[in-house]
4 protein chains.
Amino acid sequence: MRSENEPPGQKRRSVIEDVRRAQIIRGAVETFAEVGYGSTSLARIAERVGISKGVISYHFAGKDELVDQLVSTIYREMVEFVVPRVAPETTATGKLRSRIRAVAEYVDGNRAQLLALAEIFSNARGADGRLLYGHAFNEDLYRSQEEIFRAGQEAGEFRQFDTRVMAVSLEAAIDAMVSYLGEYPDHDIAAHAEQLADLFEQAVRADSGAGRTAR
Amino acid sequence: MRSENEPPGQKRRSVIEDVRRAQIIRGAVETFAEVGYGSTSLARIAERVGISKGVISYHFAGKDELVDQLVSTIYREMVEFVVPRVAPETTATGKLRSRIRAVAEYVDGNRAQLLALAEIFSNARGADGRLLYGHAFNEDLYRSQEEIFRAGQEAGEFRQFDTRVMAVSLEAAIDAMVSYLGEYPDHDIAAHAEQLADLFEQAVRADSGAGRTAR
Amino acid sequence: MRSENEPPGQKRRSVIEDVRRAQIIRGAVETFAEVGYGSTSLARIAERVGISKGVISYHFAGKDELVDQLVSTIYREMVEFVVPRVAPETTATGKLRSRIRAVAEYVDGNRAQLLALAEIFSNARGADGRLLYGHAFNEDLYRSQEEIFRAGQEAGEFRQFDTRVMAVSLEAAIDAMVSYLGEYPDHDIAAHAEQLADLFEQAVRADSGAGRTAR
Amino acid sequence: MRSENEPPGQKRRSVIEDVRRAQIIRGAVETFAEVGYGSTSLARIAERVGISKGVISYHFAGKDELVDQLVSTIYREMVEFVVPRVAPETTATGKLRSRIRAVAEYVDGNRAQLLALAEIFSNARGADGRLLYGHAFNEDLYRSQEEIFRAGQEAGEFRQFDTRVMAVSLEAAIDAMVSYLGEYPDHDIAAHAEQLADLFEQAVRADSGAGRTAR
DNA sequence: GATGAATGAGTCTTCATTCAT
DNA sequence: AATGAATGAAGACTCATTCAT
């Protein structure tokens, strides 16, 4: 039943409930990653977790809430991994490359998580038929990336370009790196990440007739 | 029934059948684009077309064949649109930019088609659970794009880079352009395409210390 | 349309119609024998014959009439084969053995026909749910066999027994011989027929001085 | 779900589940017996039992499992009834007659069960189109019956004959007795059974001084 | 005479959800 | 807190039949 987003200090969940929710979310992640969005039923998740179907309904208001919690959980984890690796960088170029690298690193150790996200992003839809996690959902991500681009432009590191197009293209390329790994598990993602960083570094850098991106 | 791609002189379809098939495919395209893969049922397509559910089963062996025909139809149309616009270009750089432009132009007049494709690509799965139209399906596209990249590298137009990563990233960025338009119908796709062309032109061009991508 | 059993001199069918009907019946026989009653659809028959589905509906009032015509056609053929081989026999014992032999011979050259009949007999049902070709349909056959048994009893060739039970059991054993051949195509049906004839000859013959089955 | 034959100590079914399964099987038996294999749908069974269609899917993995469970349930019941009535007999002749009698007795109180079995045996087919419960399924039965015949032959009780043909014919005659009762509910099955026992006793017994069936 | 096209009822199956225990 | 049981709607697909051409 509980579906509140627990405003602090109010109706906090019991420990056991938290454990169950986490356990269910983990099972959901694995299932989404393995069989895809369309074939992931609550029954299948329950089976994987080793619990009864009803338990899921008990802990989550419905499939939608489960998906929602899953997304924000993974998202939070990823942000917690990536941010500390990007923040120390002082140049926009450095932030760009370290961001790509950090995602690649995270992905490498959390493939199921990312594949599950990808499945959900391209499939989950509201009652109105619109994607629940489409570009609009990425808005925050786009904005923060655009800020970095603008900072680079102002600092003279980057040439002038449409920051929105650049941000959208960057995210798309990163997602493709992830899904490529999903399809070809032996793909060398670290090398891919370096190539991708080169790609965008070249794409954004000020013309200057100038220097290589020594790394 | 009938699923042959009509090998000459063998079991050619009647005119009326062709019309119906085209009509059904059109309805399917619109439905996929509008409500997404998971919510597109044969019943819904039939309803949109204004025919009985059974008619679809009559003209197509099953949902799989319908999807398959849809994909190859749209794909063929797009190739027929894009190729003549890219072929005349003599430089790798020219081919790159004209390809992006051509896709953008095509998309502008065929949004539903592209959205439907995107839905199918990221969702349709075989009995084994693997994506039917994943990266593997794009292999031909990747290859032909890689050839252009390699030609540019050999001609000294392009710097050295991993052509596979570049091709995958390019396709991803183009797809993102399409889906962005899908979500924000007022988005200026022509401008987006130019920015995208700039992006990749910069990303691939030889360092030369030098020249602008005069366009 | 036409469904009349053509009372002589009235509404006789054209030659071409007869040919079509025979052709369709032949296709139906093969289909029933091959895939069984439940999987034999008009579509499948039409496909095998190489005609359009509608043709069958044109020539037969419905599936029921087709089946009915099929049954009586095969039945007539079989009777025409068996009767001349049984009639010349002068003893009841001779008739019994020659009947079993004749059926076995016929079956050997007409497996599909018999298998189709077997499928239909054990499956075809009327709107009320009752078997269309159950024991009641065999009534004539039972009667004629019973007459032979009674003749044998009156002549002192056969012992006293319930002729109905004997007739039913005989037909069942003959049918089993046929279906056994259907399942094991290499089965030696001629040898089976001799054994079966021995079996029933022993079963019916008058007690030549020997023991009663007191129990 | 659940399809195990409950290997001890593993996933035992709840009481209520057992009850439901038994209830559904009973409903299926009655439906098969009444309207035949081809007209027995899950919907019809559910309707007869007075439950929702989905309940059947909940308790059985599919129609195939339901049929399979039904067959083995009835089969087991019948074996449990027949074996203790046959085992005490010391002579092959005694075993033969008591077997026929026991089946007849069982049938008398369990008509629907036997009719359902008959429907399934002559109709259920696998994906390959072959009968699921054809002669091959009866193999065990044939074998055990053949052993009795061979024992009788070795003891000098029975004449020499092909035990396979005898076994197949015996089973066919027993089945015919059952189906005859199905079609004529007032038929005197006990008398039929005695006649049948006489028939086979005569058919197998050693030739006490009398004539061979010269051919 | 023949056909392709269309229909609508009916098949099995899957699923998210609800509820009594 | 958990579960097994049940539901009913929706899914893809099959089929006998009808009908205009």
Side-chain angles (χ1 to χ4, degrees), chain A residues 1-2 13-17 19-20 38-46 51-66, chain B residues 1-2 13-17 19-21 38-46 50-66, chain C residues 1-2 13-17 19-20 38-46 51-66, chain D residues 1-2 13-17 19-21 38-46 50-66:
Chain A
M1 294 294 129
R2 315 296 181 66
R13 280 192 286 273
S14 75
V15 174
I16 186 164
E17 173 146 20
V19 169
R20 264 281 187 256
S39 299
T40 296
S41 63
L42 295 188
R44 231 206 265 250
I45 297 171
I51 57 177
S52 152
K53 241 181 314 179
V55 186
I56 299 181
S57 295
Y58 180 76
H59 288 286
F60 296 91
K63 202 186 188 185
D64 289 350
E65 200 216 335
L66 167 57
Chain B
M1 324 274 124
R2 317 299 181 69
R13 280 193 285 273
S14 73
V15 174
I16 183 164
E17 172 147 24
V19 169
R20 262 280 186 260
R21 286 173 69 101
S39 300
T40 297
S41 65
L42 295 188
R44 207 147 176 163
I45 297 171
I51 58 179
S52 150
K53 226 183 336 170
V55 184
I56 298 181
S57 293
Y58 177 76
H59 289 285
F60 296 91
K63 200 186 191 185
D64 288 351
E65 200 214 332
L66 169 55
Chain C
M1 300 291 129
R2 316 296 180 69
R13 283 191 284 273
S14 76
V15 174
I16 185 164
E17 174 146 22
V19 169
R20 264 281 187 258
S39 299
T40 296
S41 63
L42 295 188
R44 230 204 265 250
I45 297 171
I51 57 177
S52 152
K53 241 180 316 179
V55 186
I56 298 181
S57 295
Y58 180 77
H59 288 287
F60 296 91
K63 201 188 190 186
D64 288 351
E65 200 216 335
L66 167 56
Chain D
M1 325 275 125
R2 317 299 181 66
R13 282 192 283 273
S14 73
V15 174
I16 183 164
E17 172 147 23
V19 170
R20 261 281 187 260
R21 285 174 69 101
S39 299
T40 297
S41 65
L42 295 187
R44 208 147 178 166
I45 297 171
I51 56 178
S52 151
K53 226 185 334 173
V55 184
I56 298 181
S57 293
Y58 177 75
H59 289 285
F60 295 91
K63 199 188 192 185
D64 288 350
E65 200 214 333
L66 170 54

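To find a chain, count down the sequence lines: A is the first, B the second, and so on, and within it residues start at 1.
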Task: Whichever of A:Gly54 and B:Gly50 has its nearest DNA chain E nucleotide further upstream toward 5' - done: B:Gly50
Open item on the list: Of the options E:dT13, E:dT18, F:dA2, whose atoms approach the side-chain atoms of D:Lys63 most closely?
Closed with: E:dT13
Open item on the list: Applying a 4.0 Å non-hydrogen cut-off, can you work out what C:Ile56 is touching in the nucleic acid: base, sugar-phosphate, or nothing?
Closed with: nothing
Open item on the list: Taking 4.0 Å as the cut-off, does a side-chain nitrogen or oxygen of B:Ser52 come that near to OP1 or OP2 on E:dA6?
Closed with: no
- [ ] Taking all non-hydrogen atoms of both residues into account, name the closest pair between B:Ala43 and B:Lys53 and its distance.
- [x] CA-CG, 3.8 Å
Open item on the list: Tell me the interatomic distance from C:Leu66, atom CG, to F:dT17, atom C1', rounded to whole angstroms.
Closed with: 14 Å
Open item on the list: Show the nearest heavy-atom pair for residues A:His59 and A:Glu65, with the distance to one decimal.
Closed with: O-OE1, 4.3 Å
- [ ] Return the value, rounded to whole Å, for the distance between atom CZ of D:Arg21 and atom P of F:dA5.
- [x] 11 Å
Task: E:dA6 OP1/OP2 closer than 4.0 Å to side-chain N/O of B:His59 - done: yes
- [ ] Specify the closest pair of heavy atoms between C:Leu42 and C:Ile56, including all atoms of both residues, with the distance to one decimal.
- [x] O-CD1, 3.6 Å
Open item on the list: Return the CD to OH distance between D:Glu17 and D:Tyr58, rounded to the nearest 0.5 Å.
Closed with: 6.5 Å
Open item on the list: Can you see if the side chain of B:Tyr58 gets near the phosphate of E:dA5 - specifically, an N or O under 4.0 Å from OP1 or OP2?
Closed with: yes
Open item on the list: Rounding to an integer number of Å, can you tell me how far C:Glu17 CD sits from E:dA2 P?
Closed with: 8 Å
- [ ] To the nearest Å, give me how far apart CD1 (B:Ile16) and P (F:dC19) are.
- [x] 17 Å
TODO: Would you state whether a donor and an acceptor, one from the side chain of B:Ser41 and one from the base of F:dG11, lie under 3.5 Å apart?
DONE: no
TODO: Would you please confirm or rule out a distance under 4.0 Å between OP1 or OP2 of E:dA2 and any side-chain N or O of C:Arg20?
DONE: yes
Task: Qualifying residues under side-chain hydrogen bond (donor to acceptor under 3.5 Å, both in side chains), relative to A:Arg44, sequence neighbours excluded - done: none
Task: Watson-Crick or G-U stems involving DNA chain F, each at least 3 pairs long, distances under 3.5 Å, ordered by first number - done: E:2-21 with F:2-21
Task: Closest to side chain of B:Leu42, choosing from E:dA2, F:dA12, E:dC12 - done: F:dA12
Task: Separation of atom CZ in C:Arg44 from atom C1' in F:dA16, rounded to whole Å - done: 15 Å
Open item on the list: Under 4.0 Å, heavy atoms only, any strand: does A:Thr40 hit a base, just the sugar-phosphate, or nothing?
Closed with: sugar-phosphate
TODO: Compare every heavy atom of C:Lys63 with every heavy atom of C:Thr40, then report the nearest pair and how far apart it is.
DONE: O-NZ, 3.2 Å
Open item on the list: Check this one for me: any side-chain N or O of C:Ser57 less than 4.0 Å away from OP1 or OP2 of F:dA16?
Closed with: no
